[in-house]
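What follows is one structure encoded as structure tokens, with my remarks underneath.
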Amino acid sequence: MKYPIGIQSFDRIIEDGYVYVDKTDMIYDLTHEGGIYFLSRPRRFGKSLLVSTLKNYYLGRKDLFKGLAIDGMEKEWNVYPVFHVDFNGSDFTQAGVLEKRINGYVSDWEKEYGVVSDGDTLNLGGRFIKILEAAHAKTGRRAVVLIDEYDKPILDVLDMSRELEDRHRNVLKAFYSVFKGADAHLQFVLLTGVTKFSQVSVFSGFNQPKDISMDARYETLCGITQDELEHYFSSPISDLAVEYQCTPDEMRQRLRRQYDGYHFSDRMTGVYNPFSLLNAMDSRRMYDYWFRSGTPTYLIRLLAHFNENMNELTGKYYAMEEFIDYKADVERPLPMIYQSGYLTIKEYDEEFNIYRLGFPNKEVAEGFIKYLVPYYMPIKDSESVY
């Protein structure tokens, strides 16, 4: 079995025979509802693969979806003009990098659709609207816009440079405002990221996107469920069990304790960290792959402001808005810790509509305490962390 570690291109995964956990039934439902969507998930949780899958679907590449759930659902396979923006791979700590990156996209699209422009980097949103209009007129179909890691330009400078943070926010606000002015030319829009900056005006330039981050229908759109683990990885689990000299059932329990435990809605469906799980299957070793891949620098900077005990955050009940909407307040890091994947929902109280938060699994609990807490958050020895 070939594991797509570090591969975020749907077409490459399919064409090169890597294992693909089929999420296309949910993708079909999502795309046929239409509208503008926002999805928050932790890093390395499959957001880029989701965007790539949507891109190939809207490009009408039916051949790539043969045998998947959507193959028996979609009948038309129309081809739409797709505009894909990916903010991964750029360092936005230098002034001007964001404007240059967006201008590069816009300039390429202008050439593709024959739009004449003066190259004004101060009016990127206005130029994009003209491109969407031209694409609609040329193809006869409304456009699809997919923006991956929309918040990276702000996270890169968060709590580092207020001036650059404000500059990036204003640039993004102006660019995203196109979604309001060009509504008649848009078929589908998805923005993915780690954080929801609804309180710091990034989204205020256009109608609020529908946040599906805690929508029970899409809670497993990224990540791997227990049923999917059993369906796709039964043989690798047996191989891993041989390596650790235990039974397959014992190995399932070890994998669950180590990598499962994420919950993204009040339905409480468990989700495995896909990055760690695939790496464990591939190497046949259970290491802390996700945690060792690097703690975001923005989170380290925010935690430096927080001096309370860890039990001030874990094991308590919160209203949803307390950990979903980022308030741009470095003295309240809870939303960033949750949205970055270091805390998750452990229990839902339906009567009071509140959520208990805690560490998702052994990998995160031990990694957080070992590498981060000694420097930023004192923790009591007796504290239960997950």
Side-chain angles (χ1 to χ4, degrees), residues 1-16 18-31 37-58 64-65 68-70 84-89 146-152 190-196 211-229 231-233 236 255 258-265 269-282 289-294 296 338-342 344 360-361 363-364:
M1 183 177 289
K2 296 173 63 176
Y3 300 94
I5 298 171
I7 301 175
Q8 301 168 338
S9 171
F10 173 75
D11 47 334
R12 182 181 172 189
I13 287 174
I14 298 300
E15 292 172 344
D16 292 352
Y18 290 94
V19 61
Y20 174 71
V21 177
D22 190 357
K23 306 284 187 177
T24 59
D25 55 339
M26 284 182 281
I27 288 175
Y28 179 87
D29 293 339
L30 181 66
T31 55
Y37 295 98
F38 168 74
L39 176 66
S40 168
R41 285 294 183 268
R43 62 189 176 85
R44 300 186 184 277
F45 240 84
K47 298 189 297 295
S48 296
L49 176 56
L50 170 64
V51 168
S52 178
T53 307
L54 284 162
K55 179 179 180 179
N56 282 280
Y57 166 69
Y58 275 114
L64 294 177
F65 295 86
L68 299 179
I70 202 171
H84 178 202
V85 176
D86 184 2
F87 285 125
N88 284 298
L146 306 170
I147 300 181
D148 196 12
E149 303 293 358
Y150 91 100
D151 51 351
K152 189 176 187 298
L190 175 68
L191 301 97
T192 74
V194 173
T195 54
K196 182 184 178 184
D211 187 354
I212 59 172
S213 303
M214 291 187 64
D215 190 320
R217 295 169 296 176
Y218 305 110
E219 62 180 344
T220 64
L221 190 55
C222 295
I224 297 173
T225 67
Q226 186 67 35
D227 287 344
E228 290 167 339
L229 178 69
H231 177 75
Y232 291 95
F233 302 103
L255 289 170
Q258 190 73 11
Y259 303 128
D260 192 15
Y262 285 94
H263 304 101
F264 296 112
S265 85
T269 303
V271 177
Y272 283 79
N273 183 318
F275 182 77
S276 285
L277 188 61
L278 292 177
N279 270 281
M281 297 293 182
D282 181 54
Y289 297 99
W290 181 78
F291 203 96
R292 293 182 181 184
S293 66
Y338 168 80
Q339 294 172 26
S340 298
Y342 295 89
T344 193
N361 50 45
E363 174 186 13
V364 177

Where [X] and [Y] come nearest, the two heavy atoms and their spacing:
| X | Y | result |
| --- | --- | --- |
| Thr53 | Phe65 | O-CZ, 3.6 Å |
| Leu277 | Leu229 | CD2-CD1, 3.7 Å |
| Phe233 | Ile224 | CE1-CD1, 4.2 Å |
| Ser40 | Ser213 | N-OG, 2.8 Å |
| Leu64 | Ile14 | O-CG2, 3.4 Å |
| Ser9 | Leu49 | C-CD1, 4.3 Å |

Problem set entry | Candidate pair Glu219 and Thr269, rule side chain to side chain donor-acceptor pair (under 3.5 Å), full reasoning | CA-CA 8 Å; Glu219 62 180 344; Thr269 303; 2.5 Å; yes
So, the side chain of [X] versus the backbone of [Y]: is there a donor-acceptor pair under 3.5 Å, distance only?
| X | Y | result |
| --- | --- | --- |
| Asp25 | Tyr28 | no |
| Thr344 | His263 | yes |
| Asn273 | Phe275 | yes |
| Asn361 | Asp260 | yes |
| Ser340 | Pro42 | no |
| Tyr232 | Asp22 | yes |
| Gln339 | Arg41 | no |
| Lys47 | Glu149 | no |
| Asp282 | Tyr3 | no |
| Gln226 | Gly270 | no |

Exercise. What do the steps show when you test Leu190 against Ile147 for side chain to side chain contact (heavy atoms under 4.5 Å, CB included), and what is the final call?
Worked result: CA-CA 6 Å; Leu190 175 68; Ile147 300 181; over 6 Å; no
Nearest 0.5 Å, please: how far is [atom2] in [Y] from [atom1] in [X]?
| X | Y | atom1 | atom2 | result |
| --- | --- | --- | --- | --- |
| Leu221 | Asp215 | CG | CG | 10.0 Å |
| Asp151 | Thr195 | CG | OG1 | 3.5 Å |
| Tyr18 | Ile13 | OH | CD1 | 9.0 Å |

Exercise. Hey, is Lys23 close enough to Glu228 for a salt bridge, meaning N to O under 4.0 Å?
Worked result: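 Salt bridge: yes.
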For this session: Carefully, step by step, assess Tyr58 and Thr31 under the rule side chain to side chain contact (heavy atoms under 4.5 Å, CB included).
Result: CA-CA 9 Å; Tyr58 275 114; Thr31 55; 3.2 Å; yes
Exercise. Within 45° of the six-membered ring axis of Phe87 and under 6.0 Å from that ring's centre, is NZ or CZ of Lys152 located there?
Worked result: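 Ring-cation test returns no.
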Exercise. When you look at Arg44 and Ser293, which way does the side chain to side chain donor-acceptor pair (under 3.5 Å) test go after all the steps?
Worked result: CA-CA 9 Å; Arg44 300 186 184 277; Ser293 66; 3.2 Å; yes
Exercise. Does a side-chain heavy-atom distance below 4.5 Å link Val19 with Pro4?
Worked result: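 SC-SC contact between Val19 and Pro4 confirmed.
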For this session: Answer yes if the ring centres of Phe10 and Tyr57 are under 6.0 angstrom apart, and no otherwise.
Result: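 That pair fails the under 6.0 Å test.
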Exercise. Given the side-chain rings of Phe264 and Tyr218, with only the six-membered ring counted for Trp, is the space between their centroids under 6.0 Å?
Worked result: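 No, the ring centres sit 6.0 Å or more apart.
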For this session: Give the intermediate values and the outcome of side chain to side chain contact (heavy atoms under 4.5 Å, CB included) for residues Val85 and Leu146.
Result: CA-CA 6 Å; Val85 176; Leu146 306 170; over 6 Å; no
Exercise. Only one of Tyr259, Tyr262, Trp290, Tyr272 forms a ring pair (Phe, Tyr, Trp, His ring centres under 6.0 Å) with Phe45, so which one is it?
Worked result: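 Looking at Tyr259, Tyr262, Trp290, Tyr272, the match for Phe45 under the ring pair (Phe, Tyr, Trp, His ring centres under 6.0 Å) is Tyr262.
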